[in-house]
Amino acid sequence: MSDMITADLVDLDLSADTKEAAARALAERMVALGRVTDLDGFLADVAAREAQMPTGLDGGIGIPHCRSAHVTEPTLAFGRSADGIDFGAPDGPADLIFLIAAPAGADDAHLTILSSLARQLMNSEFTDALRAVSDAQAAAALIRGDEPDAPAPAGSTDAVASAGAASPADATVTDDTTAEEPSTERPFRIVAVTSCPTGIAHTYMAAESLENAGREAGVELTVEPQGSAGFTRLDPQVIAAADAVIFAHDVPVREKERFAGKPTVDVGVKAGINRAAELIAEVREKAARGEVTSGSAPATPVERSGDSGEGYGTKLRKWLMSGVSYMVPFVAAGGLLIALGFAIGGYEINKAPSVMDHFLWTQADSWAALLFQIGGVAFGFLVPVLAGYIAYGMADRPGLVPGFVGGSIALTINAGFLGGLAAGLIAGGVVMAIQKVNIPAALRGIMPVVVIPLISSLIVGFLMFVVIGKPIAEAQKGMTDWLNGLSGSNAILLGTLLGLMMCFDLGGPVNKVAYTFATAGIAVAAPSDSAMKIMAAVMAAGMVPPLAMALATTVRGKLFTRTERENGKAAWVLGASFISEGAIPFAAADPLRVIPASMAGGAVTGALSMAFGATLRAPHGGIFVVPLIGNAFLYLVAIAAGVCVTTALVVVLKGLRKPAPGAAPASGEDGAVRTAETKQPVAA
């Protein structure tokens with residue numbers, strides 16, 4: 001830390017009266033030394049970090065800090081305020097203020113040094129010495145851990161040296177502890193994880209506070225600080241031997257599943273600093289009661305990607321989309337392989353013998369059979385993967401086994417796609433219920449690998465085979481029969497609806513529902529003609545929005561910003577490849593014009609595709625699988641018609657705006673239309 005803080009970065013008479021003014025005063029010293037290149041930019045980063053969580057700590061300490069691209073090297077500035085400055089600490093203003101500035105790419109060594117300062121702040125001898133020191137040089141030396149050039153007041157030289165240089169463990173050892181008789185009783189063991197958004201200060205202060213409180217409580221406490229410099233994982237044996245877990249964090253705990261199955265207290269990082277002793281007492285009480293609930297299980301994928309206050313409906317949608325997102329690659333790979341097999345070997349290729357028994361390197365039919373059979377194997381995973389990853393979205397990895405088992409049973413009893421949905425939801429619910437049961441300590445270690453898979457698979461298997469499997473299979477058969485019976489106006493109406501859904505949110509949940517509906521129909525060895533028509537209509541409609549945006553930016557470029565015109569060039573390729581998301585930049589900038597226009601074009605294309613009787617065996621590929629499409633010419637006509645409709649509507653709707661003379665309009669972040677040159681609002 002020799003270069004991190006010098007006397008020039010110390011202000012023992014800080015006159016600021018607000019935390020913003022204090023940060024500016026200390027940051028100006030960093031600028032003067034060339035440690036910060038942009039004062040306002042750096043202060044904006046400090047303010048952004050402060051907005052996440054107040055940086056005031058009990059004991060009169062303020063520790064504003066951030067990582068910033070405007071910092072040239074890790075730097076620490078210190079200020080002492082006579083009147084105190086409010087940094088949001090529960091016990092009042094702070095008189096010791098540390099401003100920590102870390103570069104955006106700070107190296108691990110410097111961050112480790114900064115973490116040592118955070119630990120020192122939990123030592124009362126260190127903070128008392130800082131309040132008593134009389135000159136900037138001595139204060140800088142104290143913070144660095146050097147021997148001061150001049151003795152500090154109140155005869156605190158020895159205290160200063162020990163506070164700055166001694167390890168936290170040394171600072172808490174007393175003669176009384178060494179004189180105690182060793183205990184033969186096994187101590188209570190706790191493992192803890194601390195982390196904060198920046199990973200520089202609070203992470204290590206909470207670790208130090210918990211370790212000190214653990215020594216005072218006579219427990220064996222081991223902490224894993226997960227800071228910006230990375231983290232060293234606790235030994236798995238230490239975790240396995242622990243009686244309880246404390247999480248003190250403001251960002252997700254990394255690899256949280258390592259700690260599952262133990263009594264757990266889960267709090268914010270500041271609670272780890274200010275209430276360490278209370279947390280230890282609380283987790284010991286939970287252990288005494290045998291209280292092991294789902295709170296000790298890792299956050300599920302859905303919980304990690306969303307807000308804690310999300311409703312059940314939102315979570316249900318995300319659970320289903322979790323399964324669909326993992327299923328789609330199997331659909332694409334398997335479907336394209338099967339389609340290529342048909343293209344090379346004809347529609348009789350599904351009757352070819354196994355390539356294990358008959359394969360000739362020089363025979364095209366053998367290669368076609370190989371492609372078809374590999375694709376068939378990939379398709380065989382669709383329903384189990386759908387069910388397994390719905391359960392995974394609900395209950396994380398413990399849900400995979402019962403989910404896959406339930407999905408495989410759905411295939412066995414011909415419950416198909418609907419059975420996979422039901423199996424996944426049941427498996428996830430069963431695992432979540434098991435995780436809420438209080439488990440004896442002797443069983444906790446085998447819960448994830450033996451007990452949960454065994455019980456959940458048994459329950460899911462029983463329900464799928466005996467209780468709900470047959471009704472779901474009947475419903476699946478009824479839906480298939482209905483699709484096979486669609487013709488005339490009914491088929492056109494279905495194509496219109498699917499086209500509207502594909503273009504409503506451009507790759508979002510509604511789009512995925514329509515796509516999954518279509519792919520489920522062709523995910524069989526011999527899909528019906530109706531199922532292949534539905535697949536064709538869905539892919540055609542999904543190609544319309546990006547192709548239409550690309551055409552619109554070509555024919556009326558003045559209606560679009562320069563960035564949108566560049567996006568339009570990429571949208572040609574994305575649309576041709578059946579990637580509806582290529583239109584998202586346009587919809588995000590102008591949703592009220594782009595989305596309705598896209599839906600209109602998609603509805604036209606879906607309806608025409610069904611009316612023309614176009615069929616598609618491949619679930620993806622865009623124009624690259626046109627040779628595999630039945631009635632390919634009319635299929636392309638349907639796509640062209642939808643693209644023209646959407647393009648015309650977008651041009652008309654955008655043309656209703658009156659841009660300023662000589663300037664291309666652009667949509668600002670606030671939704672106002674602005675000219676490219678002046679950035680001033682114009683009529684919308």
Side-chain angles (χ1 to χ4, degrees), residues 328 331-352 368 371-372 375-376 378-379 382 416-417 476 479-503 511 514-544 547 575-578 580 601-643:
V328 166
V331 173
L336 289 172
L337 286 168
I338 289 174
L340 288 172
F342 279 123
I344 297 172
Y347 278 87
E348 296 295 320
I349 198 65
N350 60 336
K351 299 178 182 178
L371 293 171
F372 178 84
F379 259 23
L382 297 190
F417 177 66
Q476 177 80 12
M479 186 177 69
T480 302
D481 293 341
W482 174 72
L483 289 176
N484 290 334
L486 285 176
S487 61
S489 60
N490 288 334
I492 293 173
L493 287 175
L494 179 60
T496 301
L497 175 61
L498 292 172
L500 290 170
M501 293 175 69
M502 287 299 295
C503 300
N511 172 287
Y515 180 70
T516 304
F517 174 71
T519 55
I522 66 168
V524 294
S528 66
D529 188 65
S530 295
M532 291 190 287
K533 288 178 181 178
I534 290 171
M535 187 69 251
V538 163
M539 189 171 81
M543 295 168 65
V544 167
L547 288 175
S577 303
F578 179 40
S580 303
V604 169
T605 293
L608 289 176
S609 176
M610 294 291 280
F612 294 153
T615 58
L616 175 62
R617 181 63 187 257
H620 215 291
I623 63 169
F624 302 104
V625 295
V626 166
L628 309 178
I629 294 173
N631 295 326
F633 175 74
L634 292 177
Y635 185 75
L636 294 176
V637 169
I639 294 173
V643 169

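Since the structure is predicted, the reported quantities are computational estimates derived from the model, not experimental observations.
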*Taking Ile534 as the fixed residue, which of Asp529, Leu498, Thr615 is the one that meets the side-chain contact (heavy atoms from CB on, under 4.5 Å) rule?*
Leu498

*Given side chains that start at C-beta, do those of Met535 and Leu616 come closer than 4.5 Å, heavy atoms only?*
yes

*When you look at Ile639 and Leu547, which way does the side chain to side chain contact (heavy atoms under 4.5 Å, CB included) test go after all the steps?*
CA-CA 9 Å; Ile639 294 173; Leu547 288 175; 4.2 Å; yes

_Partner set under side-chain contact (heavy atoms from CB on, under 4.5 Å) for Ala537, not counting sequence neighbours_ = Ser609, Met610

*Check Met502 against Ser580 and note the closest heavy-atom contact, atom names and distance.*
CE-OG, 4.4 Å

*Nearest atoms (heavy-atom pairs only) where Ala607 meets Ile492*: CB-CG2, 3.8 Å

_Just to verify, what does Ala352 make a side-chain contact (heavy atoms from CB on, under 4.5 Å) with, not counting sequence neighbours?_
Ile349, Ala369

_Atom pair CZ (Phe578) and CE (Met539), whose distance is rounded to the nearest 0.5 Å_ = 7.0 Å

*asked:* Looking at every non-hydrogen atom in both residues, tell me the closest pair between Leu608 and Ala638 and how far apart they are.
replied: CB-CB, 3.7 Å

Distance-only donor-acceptor hits, side chain of residues 622-636, under 3.5 Å, sequence neighbours excluded:
unit_1: Asn631; atom_1: ND2; unit_2: Phe612; atom_2: O; d: 3.1
unit_1: Asn631; atom_1: ND2; unit_2: Gly613; atom_2: O; d: 3.2
unit_1: Tyr635; atom_1: OH; unit_2: Ala536; atom_2: O; d: 2.9
unit_1: Tyr635; atom_1: OH; unit_2: Ala540; atom_2: N; d: 3.1

*asked:* Looking at every heavy atom in both Ala541 and Cys503, which two are closest together, and how far apart are they?
replied: O-SG, 3.4 Å

